[in-house]
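By convention in this document, chain letters (A, B, ...) are assigned in the order of the sequence lines, proteins followed by strands, and residues within each chain are numbered from 1. Nothing here was measured: the structure is a model prediction, and the numbers come from that model.
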Number of protein chains: 2
Amino acid sequence: MPSDVAREPVAPRPHTGRRRNPAVREAVLKSAADLLAGPDGLTVSMDAIAQAAGVSKHTIYRWWPSKGAVLLEALVERAQQETSIPRTGTLATDVESFLVATFDAVERVAPLFRGLMAEALRDSKAAEGMREFVAARRQGLRALLTHGVEQGELPPETDLELMMDQIYGLMWYHLLITHTPLTEELAVHLARTLIRSAA
Amino acid sequence: MPSDVAREPVAPRPHTGRRRNPAVREAVLKSAADLLAGPDGLTVSMDAIAQAAGVSKHTIYRWWPSKGAVLLEALVERAQQETSIPRTGTLATDVESFLVATFDAVERVAPLFRGLMAEALRDSKAAEGMREFVAARRQGLRALLTHGVEQGELPPETDLELMMDQIYGLMWYHLLITHTPLTEELAVHLARTLIRSAA
DNA sequence: GCTTGCCGAAACTGTCGGTTCCGTCAAGTG
DNA sequence: CACTTGACGGAACCGACAGTTTCGGCAAGC
């Protein structure tokens, strides 16, 4: 092996040829999300996405390895609105506002969650991607709660994981089973019940 | 319309011809449940079920309208072990034993729940059947909790629906997302946390 | 023996996820 | 300018699957 391979492990060739059209990416993700939100949203095919995006299926598979990957990226794209954690007031109000913001954001992309779940139940790759997404989301809430414990607003023996299971469990339960909306009222009620019981 | 039609709205013809073989029904439901529990359980086909049961696909579709119906019936068959509610002790112990029994029963048919969920996300008929099943299960717990309110063991303003959402939400969350087992320890911990916080 | 109806075998339809081939066109290089 | 690289559309194609249909045989009752 020549030494310059080690010096340049990935060939930094400056890229020639036609460039990727960014409009294609946007159109595919947008069409996927829109179709999922429409009627028959739970049975959206790649052909339908390609047709709605005005793109050939061949192009989609050039940039995404599977249908699940498209749905996951569409979800990540729409859900990364940063639901920033204020952490200004007390733990009770912080958690409350976090849940309100989360439920509101999730509710707007609920069809994407359902579609990705349907895919995750058939494709282990999609399942893994979804689990990573969920875990990342969970990390934000965990930080909030551990901070609450450190501040003495929650007793140190509080089972934070159980609390998060109750929160996200209820969220998915509404999304997948009952199909009832994740209202602000529900978020407030849940947050108050959990914090009051633990403190 | 002759009056005897109203008298006998459905012809009560005594059934002639060859009778249904009950072994077929059992074999199909058993094969469906077993295949779901095996590797690749989330992508079980009707052909595979028919082959494993030693039965032709034609026969399956004679008795069940769809794949979702087969899975639903297999689940109902295996889950109707009556998880009887003792209601002997206090509410706290009753709920605790109810959750322990429920988690144990559900854990043993977890693959069926996942398979049915996958089907419910594509077939609205299957989704409706699953919702009915879930609602029936929920009714048992609701009776237990309302009885607790009547006995003064829970304050009357307790939001029982929210409490049940937290319980079944957590259950489905573990089943579908995290894939972590529903242990007896978890059931006890959840029951105590919920009852203690409400009382 | 005759009808009714259960059952298996197998071919078939339509749909879907994913792949492959071909032709075209855009962007950079000499 | 010609030439190479690589993005893109169109369309055919493959294998798997849910669900249907056809045929032929077999068991239960009349």
Let's test your reading of the model: under 3.5 Å, does the base of [N] pair with the side chain of [X] as donor and acceptor?
{"X": "A/Lys57", "N": "D/dG9", "value": "no"}
{"X": "A/His58", "N": "C/dC21", "value": "yes"}
{"X": "B/Arg19", "N": "C/dC6", "value": "no"}

Quick one: label [X] by what it contacts on the DNA or RNA (base, sugar-phosphate, nothing), any heavy atom closer than 4.0 Å.
{"X": "B/Ser66", "answer": "sugar-phosphate"}
{"X": "A/Val70", "answer": "nothing"}
{"X": "A/Gly54", "answer": "sugar-phosphate"}

Distance in Å, B/Thr183 OG1 paired with B/His189 NE2, rounded so as to fall on 0.5 Å steps: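 The NE2 atom of B/His189 is 10.5 Å from OG1 of B/Thr183, to the nearest 0.5 Å.
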
Interatomic spacing from CG in A/Leu36 to OG1 in A/Thr43 - rounded to 0.5 Å: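 The OG1 atom of A/Thr43 is 9.5 Å from CG of A/Leu36, to the nearest 0.5 Å.
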
Phosphate OP1/OP2 of D/dG19 contacted by B/Tyr61 side-chain N/O (<4.0 Å):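 Indeed, a polar side-chain atom of B/Tyr61 lies that close.
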
A/Ser56 vs D/dG10: side-chain N/O to OP1/OP2 distance below 4.0 Å: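 Looking at the OP1 and OP2 atoms of D/dG10, neither is under 4.0 Å from any side-chain N or O of A/Ser56.
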
Interatomic distance, B/Arg25 CZ vs C/dC7 P [rounded to whole Å]: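 B/Arg25 atom CZ is separated from C/dC7 atom P by 13 Å.
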
Candidate nucleotides D/dA7, C/dC6, D/dG10, ranked by approach to the side chain of A/Trp63 - the nearest: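 So the nucleotide nearest the side chain must be D/dA7.
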
Stepwise salt bridge (Lys or Arg N to Asp or Glu O under 4.0 Å) check, B/Glu77 with B/Lys30: CA-CA 10 Å; B/Glu77 184 103 339; B/Lys30 181 180 186 328; over 6 Å; no

Under 3.5 Å: donor-acceptor pair, side chain of A/Arg122, backbone of B/Leu42: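 Side chain of A/Arg122 to backbone of B/Leu42: no pair is present.
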
